[in-house]
Amino acid sequence: MKHQPEPLPYAYNALEPFIDEATMIVHHNKHHQTYADKFNAALERYPELQVKKPEELLKDLSKVPEDIRTAVRNHGGGYINHNFFWKIMAPKSGGKPSGEIALAIDKDFGGFDKFKEQLSAAALGIFGSGWAWLVLNNGKLEIMTTANQDSPLSVGKTPLLTIDVWEHAYYLKYQNKRVDFIAAFFNVINWEQVNRNLK
Ligand code: MN
């Protein structure tokens with residue numbers, strides 16, 4: 001059984017002008033595909049792991065055979081993080097959340113503006129490649145970052161929302177201006193999906 005990147009739930013140009021078509025094409029077809037391919041290659045000699053949900057492997061890396069543990073962490077992480085990331089973006093979305101997530105953000109961050117400020121600062125502050133996340137930890141919302149392709153699942157936290165700040169996510173359009181990419185990202189957040197992740 002081979003893992004394949006999930007298809008985008010919208011067209012490659014659907015997130016324009018905030019995230020450009022060229023970036024979405026190379027990000028999904030090349031970067032994400034490569035994580036999937038290398039994840040599949042790592043699992044080649046372990047058919048019993050191929051049929052497990054990749055998320056389950058990432059939740060307890062200590063159970064993954066040592067010879068492929070780093071590959072599963074990096075490429076399995078890259079594989080699931082991107083599947084998750086495509087879904088938390090959507091055209092004609094963004095702005096302020098509604099529903100349960102809005103209430104939780106108000107409760108745990110003291111309002112949407114404070115949440116936005118903290119997530120933006122976390123994303124901007126990542127040195128090198130990684131991800132900034134909104135996660136659920138023991139019933140409470142938290143912002144955290146991970147380096148490389150590490151998943152919050154590996155430290156027992158539930159991802160709700162994420163922003164990919166690897167340069168490949170923004171360099172074609174924003175070059176070195178990560179701060180502008182982060183600001184643009186808030187226009188494409190699919191809060192309905194974030195609400196589903198919270199359930
Ligand atoms: Mn990426």
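Atoms within a ligand are numbered from 1 in the order they appear, just like the ligands themselves.
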Tell me, which pairs form a salt bridge (Lys or Arg N to Asp or Glu O under 4.0 Å) where one or both residues lie in residues 75-88, sequence neighbours left out? E6-K87
Using a strict threshold of under 4.0 Å (side-chain N to carboxylate O), is an ion pair present between K63 and D60? yes
Protein N, O or S atoms less than 2.8 Å from the Mn ion (ligand 1), ignoring waters? H27 NE2, H82 NE2, D164 OD2, H168 NE2
Measure from NZ or CZ of K173 to the centre of the six-membered ring of F181, then state whether that distance is under 6.0 Å and the direction lies within 45° of the axis. no
Shared hydrophobic cluster for Y174 and V179 (ILVMFWY, side-chain gaps under 4.5 Å): yes
Within a strict 4.5 Å, meaning less than it, do heavy atoms of the E44 and K2 side chains meet? yes
Tell me which one of K52, K53, K59 satisfies salt bridge (Lys or Arg N to Asp or Glu O under 4.0 Å) with E56. K59
